[in-house]
There are 2 protein chains.
Amino acid sequence: MSRASDRAYGAIRAHLLSGAVKAGEQLTEDQLAQITGVSRTPVREAVRRLEDELLLVRSDTKRLFVADWSRDDIEEMFTLRQMLECHAAERAAERLSREQIAALEQINRELKAAVELPAPDVARFLDANRVFHEVIIEAADSPRLGQLLGRLVEAPVVLRTARTYSQEDLRQSARDHDELVAAFAARDPDWARAVMGSHLRRAFHTFARAVGPAGSGSTQEIDAKDA
Amino acid sequence: MSRASDRAYGAIRAHLLSGAVKAGEQLTEDQLAQITGVSRTPVREAVRRLEDELLLVRSDTKRLFVADWSRDDIEEMFTLRQMLECHAAERAAERLSREQIAALEQINRELKAAVELPAPDVARFLDANRVFHEVIIEAADSPRLGQLLGRLVEAPVVLRTARTYSQEDLRQSARDHDELVAAFAARDPDWARAVMGSHLRRAFHTFARAVGPAGSGSTQEIDAKDA
DNA sequence: CGCGTGGTTATTGTATACAAAACGCTCCCG
DNA sequence: CGGGAGCGTTTTGTATACAATAACCACGCG
């Protein structure tokens with residue numbers, strides 16, 4: 001995070017997640033350059049990355065908007081993520097070292113601690129959760145798989161501010177992680193895949209509940225994409 | 001293809017595919033700016049896209065090289081593509097309009113014509129093949145799926161110059177396409193998925209044969225990736 | 001003779017000025 | 001009253017100059 005474009009990326013991302021801007025709102029490169037304190041050149045580079053991650057979209061005439069995720073978009077994203085991450089879990093089960101499995105157990109202890117504090121600490125939970133999944137993807141040893149998942153995993157965090165997780169949601173998630181570790185320890189790819197599948201599918205429904213029933217969602221028609 | 005960065009993208013891509021540069025060779029932005037006739041700014045944008053498509057890679061210190069695809073890289077890529085494109089075939093089977101199915105039949109006639117000329121016209125074959133798969137992905141109606149596949153499908157064409165397809169390879173491919181259309185016409189997602197799976201897996205082995213047995217491949221250790 | 005060290009060149013990263021394109025407004029005409 | 005042409009403003013796209021960083025090479029010291 002030392003080059004200007006990296007700082008710009010982080011700053012813009014934080015700006016989007018802070019909720020200071022609404023979905024569908026237009027942004028300009030100048031604006032973002034001001035906010036981030038660098039010139040438009042690195043801003044344009046950062047914006048490109050955020051477009052890849054689908055946090056920003058461009059209209060047909062190249063104007064820039066904050067992405068708006070409909071319920072269907074979220075389902076699509078989770079479906080793809082499930083497909084890829086189940087594959088990752090399968091491969092990881094055959095490849096994780098003892099040390100990595102121990103690391104996963106440690107991360108999961110941290111995760112459970114975050115859940116059970118007097119009140120759950122959602123930020124800490126999400127951090128631990130992210131690291132947990134990253135270790136698995138790393139162990140899957142498939143660079144392109146990691147690259148594709150990078151695109152998908154980042155996006156829905158935009159919704160986290162809006163979302164209130166119930167403590168029971170978090171506990172179930174922790175149980176999933178425990179079972180995943182058990183599957184890894186048993187070196188059982190099929191088990192790992194199955195657990196990962198249900199884990200992510202449940203996560204989808206947790207998200208979906210927040211955004212409303214199928215068909216509703218906050219669709220604001222930016223007519224994205226030019227191809 | 002009207003903006004400078006688009007022209008740069010096309011020119012650089014053509015340059016790579018022409019075989020004028022070898023895998024692992026270093027390129028500089030200035031060089032590419034000269035070749036394409038535009039300044040470095042749009043070149044950098046084009047290069048970014050080509051990095052996404054894995055035709056170019058950067059060393060740990062941001063120097064730019066022509067990507068070198070090992071046999072394992074190719075297998076990984078085909079595995080991911082298979083996973084995603086089987087899913088696309090499944091969805092397409094449930095969504096293709098009569099007109100789209102008719103279009104696929106037409107494309108396939110063109111494809112077979114390209115195979116059977118006095119001598120097979122590989123370029124025409126590949127074009128028709130590409131369009132065929134694009135129609136399916138389009139019909140799958142999942143923008144992010146299309147985006148992810150875009151990354152994967154482009155890459156292996158770098159090898160096409162080296163590869164000599166046997167006429168029998170091409171004929172089998174055409175038969176696969178025919179069966180795919182049959183599965184679509186029958187509105188049978190499982191059938192479509194299965195055919196797509198074997199189609200792509202065979203395609204992988206066709207490619208793999210060209211680059212040599214497992215473990216060999218042309219690996220030249222660019223130590224890509226900075227994460 | 002090996003190997004670090006300093007300076008030199010090559011290459012990428014950033015800022016800025018300018019060009020092209022898109023938007024929105026007004027005014028005119030039907 | 002509606003619609004479209006023209007024009008100023010806003011926004012994105014490109015070129016260029018300069019800054020920062022990495023690679024290269026030669027030299028000197030152990």
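Each chain gets a letter, A, B and so on, in the order the sequences are listed, and its residues count up from 1. Everything numeric here is computed off the predicted structure, so don't read it as measured data. No hydrogens, no waters, no symmetry mates; every other heavy atom, side chains included, goes into these values.
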In whole angstrom, give the distance that lies between atom CZ of B/Arg7 and atom P of C/dA20.
12 Å
Separation of C/dT12 atom P from B/Arg63 atom CZ, nearest Å, is 6 Å
Nearest-Å distance for atom pair CG/P, residues B/Leu27 and C/dT11:
11 Å
Which of these passes side chain to side chain donor-acceptor pair (under 3.5 Å) with B/His199: B/Glu85, B/Gln82, B/His177?
B/His177
Would you say A/Thr61 places a side-chain N or O within less than 4.0 Å of OP1 or OP2 belonging to D/dT12?
no
Is the CD atom of A/Gln34 crowded by more than 12 outside heavy atoms at less than 6.0 Å?
no
Side-chain ion pair, A/Arg144 and B/Asp73, N-O less than 4.0 Å:
yes
Round to a whole Å and report the spacing from NZ of B/Lys62 to P of D/dA20.
18 Å
Mind checking what makes salt bridge (charged side-chain N to carboxylate O under 4.0 Å, His left out) contact with B/Glu45, not counting sequence neighbours?
A/Arg44, A/Arg48
Just to be sure I understand the geometry, which residues of residues 28-36 of chain B put a non-hydrogen atom under 4.0 Å away from DNA chain C?
B/Thr28, B/Glu29
Atom CZ of B/Phe65 and atom P of C/dA10 are separated, to the nearest Å, by 16 Å
Under 4.0 Å between a Lys/Arg side-chain N and an Asp/Glu carboxylate O for A/Arg209 and A/Asp169?
yes
B/Leu64 has an atom CG; how far is it from atom P of D/dA22, in whole Å?
16 Å
Residues B/Arg71, B/Glu76: salt bridge by 4.0 Å N-O rule
no
So that I can tick it off, tell me whether B/Asp127 and B/Arg130 are bridged by a salt bridge, with the cut-off set at under 4.0 angstrom between side-chain N and carboxylate O.
yes
Are any of the side-chain heavy atoms of B/Leu152 and B/Phe78 separated by less than 4.5 Å?
no
Contact residues, residues 39-52 of chain B to DNA chain C [heavy atom, < 4.0 Å]
B/Arg40, B/Arg44
